[in-house]
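See structure below.
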Amino acid sequence: MPELPEVETTRRGIAPSLDGRRILRVVVRERRLRWPLPRGFEKRVRGHRVTGVSRRAKYLLIATDGGTLIVHLGMSGSLRVLHGRVLPVVHDHVDFVLDSGRCLRFNDPRRFGSMHWVSGDPLKHPLLVGLGPEPLGPAFHGDALWRLARGRQVAVKQFIMDSRVVAGVGNIYASEALFRARIRPGVQAGRISRTRMQALAASIREVLEEAVAVGGTTLRDYVSPDGTPGYFRQKLFVYERAGEPCRRCGTLIRHRVLGQRSTYYCRVCQR
DNA sequence: ATGGGCACCTGGCTGC
DNA sequence: TGCAGCCAGGTGCCCA
């Protein structure tokens, strides 16, 4: 479900309710997430005051005065802020009860999401330490992308979805960025010119920024923490549009599988 | 080092 | 109506 723009939308949605609040109680109804929640998780998290909510790739970092909660939403996870007592529904796995009377609730049908509590620098955590630059940050640019691609034979779509190359480019936005940069997804990464890599980096940044600005993409069930959907779907050029006319040239959009992921492109606009 | 494939899950949709 | 089969927004890990 959530890609970087949806995670960022989630961050912005929950941060105002979390900042400065103390976590009074943690309720775990299902420990079997991607990595099982360890015994004692509740006790370790409880009692700390939130100092900020940030994001690294698709990981949310809820910093407190005693450690950091690292949350990943996986494919189907979501976080919502509830006001007062609300009965949990199916797949509501974890609650963080705040001293404001509100509650941060994690729901995840597929349980590909995860939570980790770390006491030191969260960026040193094994899951985060090897990540490439943030696509919206200053360290990400076409030259770096081009340099990393030297000698690489993987398809460029898989290359930009590799979190060690650039962090947080998921399946929707990879197809969309390649369309905007007019590059075919199956082209080998190492065979793309420096100039075109610069266009690609710019497209990645642009598509993610635009999606963040409208609250992300709602495909099936994603809703932001306040319950509203993301509106980027209307701006998708290729994703899930196989057989429909290209918005640029009218040619029917193609579908193919790359690295076991659905991939969409226009065979005329993209070369 | 690189590339490819599998695994972890549930739910929704399609087609027989 | 029932059910098998397929697909889904992620990503760590294992193998060659």
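Chain naming here is simple, since letters A, B, ... match the order of the sequence lines and numbering starts at 1 in each. If you're wondering where the values come from, they're calculated on a predicted model, not measured in any experiment.
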Quiz item: Between A/Pro2 and A/Val7, which heavy-atom pair has the shortest distance, and what is it?
Solution: CB-CG2, 4.0 Å
Quiz item: Does A/Ser262 have a side-chain nitrogen or oxygen under 4.0 Å from the phosphate oxygens OP1 or OP2 of C/dA8?
Solution: yes
Quiz item: Do you know the tightest heavy-atom contact between A/Thr263 and A/Leu258?
Solution: OG1-CB, 3.4 Å
Quiz item: Is A/Arg31 reaching over with its side chain to a backbone N or O of A/Pro38, donor-acceptor style, under 3.5 angstrom?
Solution: yes
Quiz item: Rounded to the nearest Å, what distance is computed from the CD1 atom of residue A/Ile172 to the P atom of nucleotide C/dT11?
Solution: 12 Å
Quiz item: Using 30° and 60° as the class limits, which term best fits the ring planes of A/Tyr264 and A/Tyr239: parallel, tilted or perpendicular?
Solution: perpendicular
Quiz item: What is the nucleic acid contact for A/Arg111, judged by heavy atoms within less than 4.0 Å: base, sugar-phosphate only, or nothing?
Solution: sugar-phosphate
Quiz item: Taking only residues two or more places apart in sequence or in another chain, which ones pass side chain to side chain donor-acceptor pair (under 3.5 Å) with A/Gln188?
Solution: none
Quiz item: Relative to each other, are the rings of A/Phe179 and A/Phe237 parallel, tilted or perpendicular (30° and 60° limits)?
Solution: parallel
Self-check item: Integer-rounded Å distance: C/dT11 P and A/Arg164 CZ
Solution: 13 Å
Self-check item: Value in whole Å for how far the P atom of C/dA8 lies from CG of A/Asp108
Solution: 18 Å
Quiz item: With sugar-phosphate meaning primed atoms plus P, OP1 and OP2, does A/Tyr59 contact a base, only sugar-phosphate, or nothing at under 4.0 Å between heavy atoms?
Solution: sugar-phosphate
Quiz item: What is the distance from CG of A/Asn171 to P of C/dC7, rounded to the nearest Å?
Solution: 14 Å
Practice problem: Specify the residue among A/Gly168 and A/Arg110 whose closest nucleotide of DNA chain C lies further upstream toward the 5′ end. | Solution: A/Arg110
Practice problem: Please say whether the positively charged group of A/Arg194, taken as NZ for Lys or CZ for Arg, lies over the ring of A/Trp146, i.e. under 6.0 angstrom from the six-membered ring centre and within 45 degrees of the axis. | Solution: yes
Quiz item: Base, sugar-phosphate alone, or nothing: which one does A/Tyr239 contact when heavy atoms must sit under 4.0 Å apart?
Solution: sugar-phosphate
Exercise. Would you please enumerate the stems DNA chain C participates in, each stem being three or more consecutive Watson-Crick or G-U wobble pairs with both distances under 3.5 Å?
Key: B:2-8 with C:10-16, B:10-16 with C:2-8
Self-check item: P atoms of B/dG5 and C/dC7, separation to the nearest Å
Solution: 15 Å
Quiz prompt | Residue met sooner reading DNA chain B from 5', once A/Arg152 and A/Arg32 are mapped to nucleotides | solution = A/Arg152
Quiz prompt | Protein-nucleotide distance (A/His116, atom NE2; C/dG10, atom C1'), rounded to Å | solution = 13 Å
Quiz item: For the pair made of CD in A/Glu240 and C1' in C/dC7, what is the distance, rounded to whole Å?
Solution: 10 Å
Practice problem: State plainly whether the residues A/Arg29 and A/Asp92 are in salt-bridge range, i.e. N to O under 4.0 Å. | Solution: no
Quiz prompt | Closest heavy-atom pair and its distance - A/Gln234, A/Arg247 | solution = O-NH2, 4.1 Å
Quiz item: Atom CG of A/Leu73 to atom C1' of C/dG12: distance rounded to whole Å?
Solution: 17 Å
Practice problem: Anything under 30° is parallel, anything over 60° is perpendicular, the rest tilted; go ahead and classify A/Phe106 against A/His93. | Solution: tilted
Quiz item: Does anyone know the first and last nucleotide of DNA chain B in reach of chain A, 5' to 3', at under 4.0 angstrom to a heavy atom?
Solution: B/dT2 to B/dG11
Quiz item: Can a side chain N or O of A/Arg261 be found less than 4.0 Å away from OP1 or OP2 on C/dG9?
Solution: yes
Exercise. Calculate the interatomic distance between A/Glu6 atom CD and C/dA8 atom P; express it in whole Å.
Key: 16 Å
Quiz item: Mind checking the P distance from C/dC6 to B/dC6? Whole angstroms is fine.
Solution: 14 Å
